[in-house]
Visitor: 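Provided herewith is a single structure, encoded as structure tokens, for subsequent inquiry.
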Amino acid sequence: MGEVLVLNATYEPVSVVSVRRAVVLLLKEKAELIEAAEAMLRSENFSLPVPLVIRLVYFVKIPPRIILPVTRRGVLSRDHYTCQYCGAMPLRKDLTVDHVIPRSRGGKTTWENVVAACDRCNGRKGNRTPAEANLKLLSQPQRPRYLAIATLSSVETKQVWQKYILGD
Ligand SMILES: [Zn+2]
């Protein structure tokens, strides 16, 4: 089963749900269909195009947090395949994922503590903090929001999602 992008009443992406969940929201009229696939879902009681994007009818004040696992692909994509220390854009295979606070010093593998780094900078930094290694981060690493969902998911429907996911 695919996934469905859920937009808030304001058209901001708030969540990703299963098709089944999306259908429930549609049938209960809690959401409206924005984008659909060509395929149809049929049951005794209804027939509905497979939803790709739905929009909540009522504004959801606190959007549910989406837990995105930290992956190499995700980190490199978030950092635009650019070394966050020197700005180099080497081949993807020459990019590493660097722990800003080294793991040996208690640094965790979280979106806020990992960045893309070229081989050279990573080697130069070693088991030191950026300050100790006299390296400066180009940007403060943050947990990506919706852009990463589009990047990380493999479903073809993501092309449709892109319209609503501008990245921030
Ligand atoms: Zn570098």
Side-chain angles (χ1 to χ4, degrees), residues 1-19 21-22 25 31 34 52-56 58-168:
M1 277 300 232
E3 294 169 307
V4 182
L5 180 66
V6 182
L7 305 177
N8 211 338
T10 53
Y11 285 91
E12 283 167 313
V14 285
S15 184
V16 176
V17 298
S18 66
V19 170
R21 173 80 186 132
L25 290 170
I34 299 289
L52 297 178
V53 180
I54 62 171
R55 172 177 169 257
L56 298 172
Y58 300 103
F59 180 68
V60 176
K61 218 167 181 183
I62 304 157
R65 277 293 208 175
I66 298 164
I67 308 297
L68 285 174
V70 180
T71 60
R72 173 184 153 83
R73 199 170 139 208
V75 172
L76 299 188
S77 158
R78 179 199 63 185
D79 293 343
H80 308 290
Y81 302 93
T82 304
C83 172
Q84 293 301 294
Y85 294 109
C86 73
M89 293 183 77
L91 292 175
R92 289 183 189 188
K93 66 174 177 59
D94 296 326
L95 272 172
T96 61
V97 171
D98 175 62
H99 284 73
V100 178
I101 306 295
R103 268 185 291 193
S104 59
R105 311 268 293 266
K108 299 240 162 62
T109 305
T110 59
W111 286 107
E112 293 82 5
N113 192 48
V114 292
V115 292
C118 70
D119 267 342
R120 231 182 53 184
C121 290
N122 203 336
R124 186 178 147 198
K125 184 167 170 284
N127 270 338
R128 296 180 293 179
T129 65
E132 287 167 357
N134 210 12
L135 287 165
K136 229 175 144 181
L137 279 170
L138 297 181
S139 64
Q140 204 53 40
Q142 285 174 358
R143 176 164 39 154
R145 292 176 66 202
Y146 307 105
L147 181 66
I149 296 169
T151 317
L152 295 172
S153 299
S154 55
V155 196
E156 34 92 15
T157 56
K158 299 311 179 288
Q159 276 180 353
V160 177
W161 292 15
Q162 294 288 1
K163 271 193 278 178
Y164 304 91
I165 304 171
L166 302 170
D168 38 329

Visitor: Looking only at heavy atoms, what is the nearest atom pair of R78 and P141, with distance?
Guide: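 Closest approach of R78 to P141, heavy atoms only: NH2-CB, 3.6 Å.
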Visitor: For residues H80 and M89, report the shortest heavy-atom separation together with the two atoms involved.
Guide: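 Taking H80 first and M89 second, the nearest heavy atoms are O-CE, 3.5 Å.
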Visitor: At what distance, to the nearest 0.5 angstrom, does NZ of K125 lie from CG of D98?
Guide: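 These two atoms lie 3.5 Å from each other.
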Visitor: In Å and rounded to the nearest 0.5 Å, what is the CG to OG1 distance from L95 to T82?
Guide: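 The distance works out to 8.0 Å.
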Visitor: How would you list, by chain and number, every residue that makes a salt bridge (Lys or Arg N to Asp or Glu O under 4.0 Å) with E132, sequence neighbours excluded?
Guide: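 E132: salt bridge (Lys or Arg N to Asp or Glu O under 4.0 Å) contacts with R105.
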Visitor: Starting at CD1 of I54, measure out to CG of L7 and round the result to the nearest 0.5 Å.
Guide: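 Between I54 CD1 and L7 CG, I get 8.5 Å after rounding to 0.5 Å.
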Visitor: Search all heavy atoms of L135 against all heavy atoms of C121 and return the closest pair with its distance.
Guide: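 Scanning both residues completely, I find the closest heavy atoms to be CD1-O, 4.0 Å.
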Visitor: Once you round to the nearest 0.5 Å, how far does CG of L138 lie from OH of Y85?
Guide: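 If I round to the nearest 0.5 Å, the distance is 9.5 Å.
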Visitor: Could I get the full list of salt bridge (Lys or Arg N to Asp or Glu O under 4.0 Å) partners for R21, not counting sequence neighbours?
Guide: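 None.
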Visitor: Excluding sequence neighbours, so at least two apart, what forms side chain to side chain donor-acceptor pair (under 3.5 Å) with D119?
Guide: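 Once residues adjacent in sequence are excluded, D119 has no partner under the side chain to side chain donor-acceptor pair (under 3.5 Å) criterion.
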Visitor: Tell me every residue that passes side-chain contact (heavy atoms from CB on, under 4.5 Å) with T109, counting only those two or more places apart in sequence or in another chain.
Guide: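 Partners of T109 by the side-chain contact (heavy atoms from CB on, under 4.5 Å) criterion, ordered by chain and then number, come out as V70, H99, R103, V114.
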Visitor: Quick one: list whatever passes side-chain contact (heavy atoms from CB on, under 4.5 Å) with D79, sequence neighbours left out.
Guide: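 Applying side-chain contact (heavy atoms from CB on, under 4.5 Å) to D79 gives V75, Q84, V115, A116.
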Visitor: Among all residues two or more places apart in sequence or in another chain, which pass the side chain to side chain donor-acceptor pair (under 3.5 Å) test with T96?
Guide: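 T96: side chain to side chain donor-acceptor pair (under 3.5 Å) contacts with N122.
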Visitor: When rounded to the nearest 0.5 angstrom, what is the spacing between CG in N127 and CD1 in I101?
Guide: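 Result: 12.0 Å between the selected atoms.
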Visitor: Apply side-chain contact (heavy atoms from CB on, under 4.5 Å) to R120 and list each qualifying residue two or more places apart in sequence or on a separate chain.
Guide: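 R120: side-chain contact (heavy atoms from CB on, under 4.5 Å) contacts with C118.
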